[in-house]
Each structure stands twice: as C-alpha cells, then as structure tokens.
Amino acid sequence: MSDPLTKQATASDIARAVMSRKVKASEVIEATLARIEQAEPTVNAFTDVLAQRARARAAEIDSGRHRGPMVGVPFAVKNLFDIKGLPTRAGSKINLDGPIAARDAALVRKLEAAGAVLVGGLNMGEYAYDFTGENAHYGPSCNPRDTTRMTGGSSGGSGAAVAAGEVPLSLGSDTNGSIRVPSSLCGLFGLKPTYGRLSRAGSFPFVDALDHVGPIARSVEDLALSFDAMQGWDPDDPVCTDRPAEPALTELGEGIGGLRIAIAGDYFERGAEPEALEAVATSAKALGTSKRIVIPEAAVARSAAYIITAIEGSQLHLPRLRTRPQDFDPDTRERFMAGALLPGAWYVKAQRFRRRYRAALQKLFEEVDVILAPATPCTAPKLGQVMMKLGGVELPVRANLGLYTQPISFIGLPVVVAPVQLPGGLPIGVQIIANHYKEAAALRVARHLEKAGVASAPPA
Amino acid sequence: MKEELVAEDKPDIARLIDEAAKAIGLAIAPEYRDKVILNYERSLAIARPLLEVELDDELTPGPVFRP
C-alpha cells in the first residue's frame, strides 16, 4: 500500500488510510492541492480548482460527518459535469455565459455520498467533439508521459490529472472513445460502462444516442470501487437502466476462470501500428488465448457512429452556430457546420443498422465472453499534429484516433481499457470488451493483466 | 431490386453546402466555407460503408421512446 499522501496512492489506498484514521482527509486534500499546483503549469489538466470547497468537505469528514467506501478520496471531473455554483463549460467559451449549475451532477453527488471529495473541473475538447485533448480556449491538456504529446480526448484533462498523479480518480464521458482514447494515450485504466448503466443527469450532452460516462484511474480496484459507488437507477436520465446494481468490486478476486476470451481480428488489425498490435498480443498471451474472432461489419458500425454523432451533435449546437460561430473552437466549428448539413436520412439508416449490428454481436457473445482489441491505432501523437500515417496511409489524426473505439460504443458494450507500458516507449491501451451489463467480466480480465504485470498505470 | 445506394457522380459539394445552409438559416462566413467543404467531403467518404449496406424492411431504428 502506498503512502496516502503521495501521488502513487490509489483511491483505495487513501480510503483505507482515512477509514482507519492513519491519515486525516484534510491532510490528503492539502497534499492533493499542492500536487495540482505543482503539476498544472506543465499538464494543464484543470480549468477549475475547488480548494475552498474541498477543504470544507475534508474538515467535515474529519469531524465524522461523512463516511463511506471512498472516504477522503480526492477526485476531479471533466468540465461537462455540473459543479454547483459554476457554469458548465463543456470545453467551450460560449457556455461561460450560460446558466450557473444549481447543483452537482448525479455522479458527483454519488461519489461524494460515498465519501469522496471533489477537487475540481477538468479541461476537455470543446463540446466533446474531439479525440485529441486540445482546446483553443483553455490550451491543450498535455500528456504527463511526454508533455510535447497529446493526452487524447475529449476527456483530456481527466487523463492528464490522473496520469500526473494530481488525483487518483477522474470522471470522463465517452461518446465514441473519449474515455478510452485518453486512457490509452496517457497509460491509464478506464471504464466505459454499458450504455445507460451510469446516470448522465447533470452532464452537458453531446450525442444522446451514444453518450456514456465513467471513471479513469490508476488501478482496476479503483475503477470497480468508483463504478459500484455510481451505479443505480436515476429517473433524471431517461436512458439510465432500472436494473439493480451489480457490484463489481467483490467479483475482482474471481480471476479469469470460466471466461472465454478472444482477439478481434480483421478490422481491428487493419491500420494499427505495431505497438497497438503488440499490446494486444502480449495481453492475449498473459490470458492464455490465441482464439481469434471477427466482429462483422465493424467498418459499417464506425461509419454509422460517425454519422449519428455528426448529425445529432450538430443539431444540438445549431442555434449557437447561427449566433456565435466566432466563439467556437476552430477545430470543432466547421465540423459542426458540415454535420448540420448532412442528409437526415443517413441518421435514420445508421440507427436502423445499429439494431442489425447489435443482433450480430449478441450472436458472437454466444461463443465468447470477452474480446480484446487495440484502444487506439497508435501511441500519443505530438501536440498540434494534424495528419498521421496508419498502415502506410496518411490520415487526419482527429477522425482516426477513435477508429477502434467507435464500433464498440456504437452499441453500448462495456469496455475496460488496460494500459500496457511498452519498454522504452509510450503506453498504449487494450480494449477489454464484454457483453452488455457484464462490466465485471471486463474488470476481472483487466485485474488479471494488472496482477500479471502486463498492464500498469504508475503516475508519471 | 438493388437500390442505387451511392451516387456515382460526385456532387458539387460547394453548391450543395451553400444551398443547404440557406435552407436551414445557417450563415457560413467566407472564411469558414473551405473547411466546411473539406469536412463535408470527409463525412461523405466516412459515410460510404453505411450508405452501401442494404437493410431489411423489418429493421426499425434503435431508439425506443417510452411514453
């Protein structure tokens, strides 16, 4: 167990130490605020640091007012989550003129009810239409593994803050890969749960049909701990499931016995750089599998996810595109404008295809329980890089970092990203994909890789 | 009968954008226009796999509206 006052401490380490009174919550928060102050000039993860609020909460914990499995754990959230008293930026300048949040987002309330302490809001790509973590208004979040490189996005600050060891836990959102891409490029564990598993209430939307929310952390135990604290039906999010919560933390010790694990071939190997394939191969070896499967029509699924995103996201922002185009980030503005002009019939076709693809994947899950695939086709590109070479073909970075994540979130399958730290190089993530509502299976596989030393997420 | 799934002739994207933008009341300033065209062309290329598939009539859209 790490010293709870150091950047190596996980959320679980801190909770155990506060619970057993080895350390005060106030001491944890002071150490966290000091680390944030020290790291921010180089990583630019935070847009709002809530020192006063966090200190007050910690003092309440120390006076015995709040208990719970996450007591004293500092966490921060992508700034599309409502934070009481602040405008919900969602990475934009425009939203600063919008309403001040009257209360915290549902997941912030759930984590604080479990004893955790919110310390701030995190940088992100504007309106979440982003895979890079860059932002024209607030500057890019920088990858703590190499600050000349991208964090990945759009939950860029959520990746940077955890990888730098500022906080052990953050929340992000994932419409097409925005939790999984930064987890991969920053070398972190990330969980994109089943669509509708966790409440999105009080988070600024992007694409209702595809929006998910979930945690990023440096251990599998922390993903499970926070996931369990956030589960449960919420009538404020019409998509949120009314299935009973299925705790995952107690399942972690089960190991991988009984799980049929396979590697996704075909689409998920095309265009990948050698590091991405090596990370999958190393993980598969540690899991004792060489079984390969093909996810049918993955390229069509990616295409359909792209179209739903472009049309739904652009429709949401059309009033602002009409009135304040000059206030958008130049990297989202024209994409939104183009999306607003695409034929609506494409959207309907994409939604119809979604049902066919879901049925095909359900059939596939009769044969396997867990599928492995790369999270990103490459390691972190340089900040500002516009084009990249994948499989010898020159492609735009922005549209292609999510090549392997889009076909999975398209039908809301749960995924854990396990980070593989390649010798002498940058980290890269492996997607551990399970069937709907089987988050625990993906977490068990990630835990096995973590215990085997194949996946790890030390702070930079 | 196999439908004509994708147009063989490349449409005039610049004109299409100008007219479609008028139809929805979106003024696109001249300095944004080239990048809108570029992004529309990218979207056409990425949409192609979706436009090329044929779907059974029984396949209704995914979202479920519960009154």
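The figures here come from the full heavy-atom set of this structure, side chains too, leaving out hydrogens, waters and symmetry mates. In the text below, chain A, chain B and the rest are named by the order of the sequence lines, each starting its count at 1.
For the pair A:P396/B:R42, a side-chain contact is recorded, criterion being any heavy-atom separation below 4.5 Å from C-beta on. A 4.5 Å side-chain heavy-atom check between A:R352 and B:T60 finds every atom pair outside the cut-off. Side-chain atoms of A:R322 and B:I24, non-hydrogen and from C-beta on, do get closer than 4.5 Å to each other. Under the 4.5 Å side-chain criterion, counting only non-hydrogen atoms from C-beta, A:F336 is not in contact with B:L26.
With a 4.5 angstrom heavy-atom cutoff, A:A345 does not touch chain B via any of its atoms. Residue B:D56 touches chain A through its backbone alone, counting heavy-atom pairs closer than 4.5 Å.
Contact tally against chain B (heavy-atom pairs below 4.5 Å) for A:R358, A:R355, A:Q326: the top residue is A:R355. Per-residue counts of heavy-atom pairs under 4.5 Å with chain B were compared for A:L321, A:I411, A:L341; the largest is that of A:L341.
Between the CZ atom of A:R354 and the CG atom of B:L59 there is a distance of 13.5 Å, given to the nearest 0.5 Å. Atoms CE and OH, from A:M337 and B:Y32 in turn, are 6.0 Å apart once rounded to the nearest 0.5 Å. A:W346 CH2 to B:L50 CG: the interatomic distance, rounded to the nearest 0.5 Å, is 8.5 Å.
A:K349 contributes a side-chain N or O that, together with a main-chain N or O of B:V53, makes up a donor-acceptor pair within less than 3.5 Å.
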Residues B:I28, A:E334; criterion side chain to side chain contact (heavy atoms under 4.5 Å, CB included); working and verdict: CA-CA 9 Å; B:I28 298 176; A:E334 288 90 347; over 6 Å; no
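Shown here for A:S303 and B:P49, the closest heavy-atom pair between the two residues is OG-CD, 3.8 Å.
Near-neighbour residues of residues 305-314 of chain A relative to chain B, defined by a heavy atom under 4.5 Å from a heavy atom of that chain, comprise A:Y306, A:I307. Residues from residues 13-21 of chain B that place a non-hydrogen atom less than 4.5 Å from a non-hydrogen atom of chain A comprise B:I17, B:A20, B:A21, given in numerical order.
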